[in-house]
2 protein chains.
Amino acid sequence: MKDQDAKTLSNTQRAVRDLRQMILSGELAAGTDHLESELAETLGMSRTPIREAALMLESKGLLEMRPRKGVRILPVSSDDMREIYDILTELESLAAQRAAEASYSEDELAVLAGSIAKMDQAIEAEDLEAWAEADELFHQELVRLGGNKRVEAIVAMMSDQVSRARATTLFIRPLPVKSNEDHRVVFQAISEGQPDIARERHREHRLQAMAMLCGILEKHRLNSL
Amino acid sequence: MKDQDAKTLSNTQRAVRDLRQMILSGELAAGTDHLESELAETLGMSRTPIREAALMLESKGLLEMRPRKGVRILPVSSDDMREIYDILTELESLAAQRAAEASYSEDELAVLAGSIAKMDQAIEAEDLEAWAEADELFHQELVRLGGNKRVEAIVAMMSDQVSRARATTLFIRPLPVKSNEDHRVVFQAISEGQPDIARERHREHRLQAMAMLCGILEKHRLNSL
DNA sequence: GCATTTATTTGCGTATACATTAAAGAATGC
DNA sequence: GCATTCTTTAATGTATACGCAAATAAATGC
């Protein structure tokens, strides 16, 4: 792992990976500012790769470079959440449709099926972290099966942006039993080759998820995460 | 203008703007490779801002940085076109829906109405360039009215990626009479506050446009632009 | 000749230096 | 004390230097 680190990855790539991780985990908190030179020292490299990494993360919407004020970790407001979930709803529904059109074999749907199984287990064990991980796998795999690389990239980008909010709401939201049912219905539509149903069911699933999340955020006055 | 150039914009920003323009115009042709040092000399600056600009354009999907092979201007295949139009279809339809939900005043819809008028004039004058420009304005304004900044950014990004292909097909495709009718129908649904109709009509419009464009590309064996 | 190894070149990744300029702080006048 | 101007500081934007590794060319062995 340390080999991979030093040998195959450039410092810029390491910086992208590490900064992203630090942002998603909250180690670099939303709304905070950080000088390029500080980050450089933290990651043990010069400003050049830090700047390059920051530029990339800026175009992924995770931070903002403000001259003389440092790199600002972008908070996500509930309005931002709406924007992002609107996009996820459209693009994931498209992916579900396309996945259903592709008539995948049982083998090819194994990962998707596996993620559902994992979510079921997690709910029984009331292990929310495990559930969240499996949920993310489901959505990621769904989009992959949709077969559109650009959709994949956009969805990944949007998911990163709301990741902190998801972590926060995870322990406030109701146990995601309904969510699992939704996933199963979508999966069935895909495996039976019913594009319109897959699309529509997934769309409803996402709309409900958004309503619930935004509801929670507003109820708890969590306006920026 | 030269003031703006030198005073308010950084070299990196100028490089982004100029390189983008050179790519869209074809001055930097699809599929060609360019050393960082060449580009630096061309734009009269050092490699540093060129690299930063290239990084940004890479994440916008316009080029790819390949170590030792130079910066490669990405071609767009007909498969890419399908990916992109699929995304544009979903996100613009969403925007149309949201615009219709927003019950804009006539004033606020003036730009959109104006773009349609311009397209009509252009068709009468058989000025395809003018038509294309007005068409782009329509789509851009539609998305702006949708009120989702991220959708706006994604659509702009995708539009950039297919811009060369659009320029090529412009003089092969049939006169866009049907297209203008579509726009009018969408506009009416928006101004009358009918979200579902706006969404569905725009979706059909985009699906047809994609079918036509991809048809042309394949017919003429234009597999990468 | 052809394959394989060894030089050589060259473009990139990164560190570093430095000028610029915005922001913060000090000093001055009122 | 407050506003205003001047100083100082410090973070950025950019140029430049340089080592390294990859690609190419040359040389060697067979």
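Letters A, B, ... mirror the listed sequences (proteins, then strands); counts begin at 1. When reading the values below, keep in mind they use all heavy atoms of this one structure, side chains included, and skip hydrogens, waters and symmetry mates.
- Spacing between atom CD of Glu36(A) and atom P of dT14(C) amounts to 16 Å, rounded to whole angstrom units.
- For DNA chain C, the residues of residues 51-67 of chain B within the heavy-atom distance limit of 4.0 Å (strictly under) are Arg51(B), Pro67(B), sorted by number.
- Between His183(A) and His205(A), the ring planes lie perpendicular to each other; the angle is over 60°, past the 30° to 60° tilted range.
- Considering only residues two or more places apart in sequence or on other chains, Asp33(B) meets the salt bridge (charged side-chain N to carboxylate O under 4.0 Å, His left out) condition with Arg66(B), Arg72(B).
- When distances are taken from the side chain of Ser46(A) to each of dA22(C), dA15(C), dG13(C), the shortest belongs to dA15(C).
- Not counting sequence neighbours, Glu27(B) has no partner by the salt bridge (charged side-chain N to carboxylate O under 4.0 Å, His left out) test.
- When rounded to the nearest whole Å, the span between CG of Asn11(A) and P of dT16(C) equals 12 Å.
- First and last contacts of DNA chain D with chain B, using any nucleotide atom under 4.0 Å from a protein heavy atom and ordered 5' to 3', fall at dG13(D) to dA22(D).
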ask   = Should Arg203(B) and Glu92(B) be marked as a salt bridge (Lys or Arg N to Asp or Glu O under 4.0 Å) after you check the CA-CA gap, both sets of side-chain angles, and the distance that decides it?
value = CA-CA 8 Å; Arg203(B) 157 171 270 272; Glu92(B) 287 187 5; over 6 Å; no
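- In this structure Asp79(B) satisfies the side chain to side chain contact (heavy atoms under 4.5 Å, CB included) test together with Ser77(B), sequence neighbours excluded.
- Atom-to-atom distance recorded for Met81(A):CE and Cys214(A):SG is 5.5 Å, nearest 0.5 angstrom.
- Nearest heavy-atom pair across Ala29(A) and Ile73(A) is O-CB, 3.4 Å.
- Checked against salt bridge (charged side-chain N to carboxylate O under 4.0 Å, His left out), Arg164(B) has no partners two or more places apart in sequence or in another chain.
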